[in-house]
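Throughout, residue positions are numbered sequentially from 1 according to the sequence presented.
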Amino acid sequence: MGLFSKKSNKADNKKELTAEEVKKRWEDAYRANPNVYEKEGEEGLLVGFALTEDCDSIFPLVPEEQWAIEGRTIGLWMITMVSLTNPQGGIIGQMEYHEAMKRLQPYFIARSDNWVMIRAMTHEELDGLFDGLPRKLV
């Protein structure tokens, strides 16, 4: 065990960020991109995003307004929560997109148009999002 531990980001929700701090974090944050999957035997497509611990991330609030696939129906939008520190594996769980956005609201640190920046979260915080929900959608 080392003398130093990683600084918690919990303070971000308690203090007001300056415009300069927000601008810098928008520039440095990971911008979530959709991944499209086709499930065998199902008509609609599945579109998923990954939210990884310890990384400020920018997500669309309403992805249906950002992306569409011509001539195809998107049956499910989802977010997969991913851990980089969990020795049992990377995927913490999957959640329907709009349910995830509701549960992630306390971690929003900035908004712009249809986009929101979610502060870097710990494994425990991501895991806590699943209170009362199954962890797997697909």
Quick one: side chains of residues 59-66, donor-acceptor pairs under 3.5 Å with protein atoms, not counting sequence neighbours, listed by atom name and distance.
from: E64; atom 1: OE1; to: H98; atom 2: NE2; distance (Å): 3.3
from: E64; atom 1: OE2; to: H98; atom 2: NE2; distance (Å): 2.7
from: Q66; atom 1: OE1; to: N114; atom 2: ND2; distance (Å): 3.2

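A donor-acceptor contact shorter than 3.5 Å is absent between the side chain of S112 and the backbone of W115. Between the T73 side chain and the G75 main chain, no donor and acceptor come within less than 3.5 Å of each other. With hydrogens and angles disregarded, no donor-acceptor distance shorter than 3.5 Å links the side chain of R25 to the backbone of R119.
Few gaps surround CG on N33; more than 12 heavy atoms of other groups in view lie less than 6.0 Å from it. The local environment of CG in D28 is crowded, with over 12 non-hydrogen atoms from other residues, nucleotides or ligands closer than 6.0 Å.
Taking OG1 of T52 as the start and CG of D56 as the end, the distance is 12.0 Å to the nearest 0.5 Å. Note: I79 CD1 to M101 CE = 3.5 Å, rounded to the nearest 0.5 Å. Here the CZ-CG distance, from R103 to L129, works out to 7.5 Å after rounding to the nearest 0.5 Å. Within the model, atoms CG of L126 and OH of Y107 stand 8.5 Å from one another, a figure rounded to the nearest 0.5 Å. The distance from atom OG of S83 to atom CD of E124, rounded to the nearest 0.5 Å, is 8.5 Å.
Cluster membership for V22 and I109, using ILVMFWY side-chain heavy atoms within less than 4.5 angstrom, is shared.
Taking the side chain to side chain contact (heavy atoms under 4.5 Å, CB included) definition, one finds that V47 meets it with P34, V36, F49, I74, W77, sequence neighbours left out. Scored by the side chain to side chain contact (heavy atoms under 4.5 Å, CB included) test, F130 finds M81, I92, M95, R135 as partners (sequence neighbours excluded). E38 pairs by the side chain to side chain contact (heavy atoms under 4.5 Å, CB included) definition with L45, R72, not counting sequence neighbours. Take E27 and apply the side chain to side chain contact (heavy atoms under 4.5 Å, CB included) test, not counting sequence neighbours, and it matches K23, K24. Under the side chain to side chain donor-acceptor pair (under 3.5 Å) criterion, T18 pairs with E21, not counting sequence neighbours.
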Kindly determine whether Y30 and I58 satisfy side chain to side chain contact (heavy atoms under 4.5 Å, CB included), including the steps that lead there. CA-CA 6 Å; Y30 165 76; I58 300 170; over 6 Å; no
Between L104 and L51, is a side chain to side chain contact (heavy atoms under 4.5 Å, CB included) present by the stated rule, with each step listed? CA-CA 11 Å; L104 287 164; L51 177 60; 3.8 Å; yes
